[in-house]
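Quick notes on the structure that follows.
For the single chain, residues carry numbers from 1 onward in sequence order.
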Amino acid sequence: MTLELKLLLWSTALALIQMLIALVAAIAQVGFLPLVGNRENLPAFEGWAGRAQRAHRNMLESLIFFAALVLVAQAAGKTSAATALGAQLFFWGRLAYAPVYVIGIPWLRTGLWVVSFAGLLQILLQLL
């Protein structure tokens with residue numbers, strides 16, 4: 001398995017962990033029973049629960065692009081040191097981004113997002 005595919009797997013695991021953290025935060029804020037139902041009329045999640053939910057949603061949005069780029073690079077036989085670097089920038093940027101977002105450090109969060117986005121661009125540029 002190439003490094004890019006390994007990091008795609010680890011990025012997927014990270015998204016699953018973020019989902020569980022967001023769930024625990026939601027349970028802490030509104031309790032278990034409201035989450036078992038259809039989730040109508042739930043209050044907006046605030047504080048770390050809201051940040052955990054938004055961080056998870058942001059990861060899902062980014063993961064779609066990362067998966068597409070890694071899979072196209074793999075299928076096209078265009079994996080290289082440059083695509084491996086892009087995958088590493090994405091993964092490590094996202095790994096650091098998640099707790100920074102949940103803790104609530106805005107400028108650092110944005111900087112880490114830029115690192116992960118640069119990783120996406122790095123892979124994309126190798127495919128054009």
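Interatomic distance, CG of L8 versus CG of L63, reported as 6.5 Å (0.5 Å rounding). Taken to the nearest 0.5 Å, the CG atom of L42 stands 6.0 Å off from the CG atom of L35. Going from atom OG1 of T12 over to atom CD1 of I17 covers 11.0 Å, rounded to the nearest 0.5 Å. With rounding to the nearest 0.5 angstrom, the CH2 atom of W10 is 15.5 Å from the CZ atom of F90. Atom-to-atom distance recorded for M19:CE and Q53:CD is 13.0 Å, nearest 0.5 angstrom.
Closest approach of A49 to A26, counting heavy atoms only: CB-N, 4.4 Å. Contact between K78 and Q126 at its shortest, heavy atoms only, is CD-O, 3.9 Å. Summarising the geometry of A96 relative to P99, their closest heavy-atom pair is O-CD, 3.3 Å, with the distance given to 0.1 Å. In terms of heavy-atom proximity, P43 sits nearest to V30 at CG-CG1, 3.7 Å. Closest non-hydrogen pair, L127 versus V72, comes out as CD1-CG1, 3.9 Å.
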| task | Go through the steps for N58 and Y97 under the test side-chain contact (heavy atoms from CB on, under 4.5 Å), then give the verdict. | result | CA-CA 10 Å; N58 188 274; Y97 174 91; 3.5 Å; yes

| Where do F66 and S116 land on the side-chain contact (heavy atoms from CB on, under 4.5 Å) test, with the steps shown first? | CA-CA 10 Å; F66 182 59; S116 69; over 6 Å; no

| query | Hey, mind stepping through L60 and H56 against side-chain contact (heavy atoms from CB on, under 4.5 Å) and telling me if it holds? | reply | CA-CA 6 Å; L60 293 177; H56 176 246; 3.4 Å; yes

| message | Using the rule given for side-chain contact (heavy atoms from CB on, under 4.5 Å), can you reason through L16 versus L20, listing the C-alpha separation, both sets of side-chain angles and the distance that settles it, and then say yes or no? | response | CA-CA 6 Å; L16 289 171; L20 292 175; 5.9 Å; no

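A continuous path of ILVMFWY side-chain contacts below 4.5 Å connects I103 to L14, so both sit in one hydrophobic cluster. One hydrophobic cluster, built from ILVMFWY side chains closer than 4.5 Å, holds both F32 and F45. Clustering ILVMFWY residues whenever any of their side-chain heavy atoms sit less than 4.5 angstrom apart, transitively, puts V114 in a cluster other than the one holding L85. In the hydrophobic cluster analysis, where Ile, Leu, Val, Met, Phe, Trp and Tyr join through side-chain heavy atoms closer than 4.5 angstrom, W92 is grouped apart from L89. Taking hydrophobic clusters as Ile, Leu, Val, Met, Phe, Trp and Tyr residues chained together by side-chain heavy-atom distances below 4.5 Å, V115 does not share a cluster with L69.
Both cation-pi conditions hold for R109 and Y101: the charged atom is under 6.0 angstrom from the six-membered ring centre and inside a 45 degree cone around its axis.
Looking at W48 and I21, their side chains come closer than 4.5 Å, going by heavy atoms from C-beta outward. Residues S11 and R94 fail the side-chain proximity criterion, which asks for heavy atoms closer than 4.5 Å.
Judged purely by atom type and a 3.5 angstrom limit, R54 uses its side chain to pair as donor or acceptor with the backbone of G50. Checking side-chain atoms of Q74 against main-chain N and O of V70 turns up no donor-acceptor pair under 3.5 Å.
Residues T79 and E4 bring no donor and acceptor atom of their side chains to less than 3.5 Å of each other.
Heavy-atom contacts from other residues, nucleotides or ligands closer than 6.0 Å to CZ of F65 number 12 or fewer.
The side chain to side chain contact (heavy atoms under 4.5 Å, CB included) test applied to F117 returns W113, L120, L121, not counting sequence neighbours.
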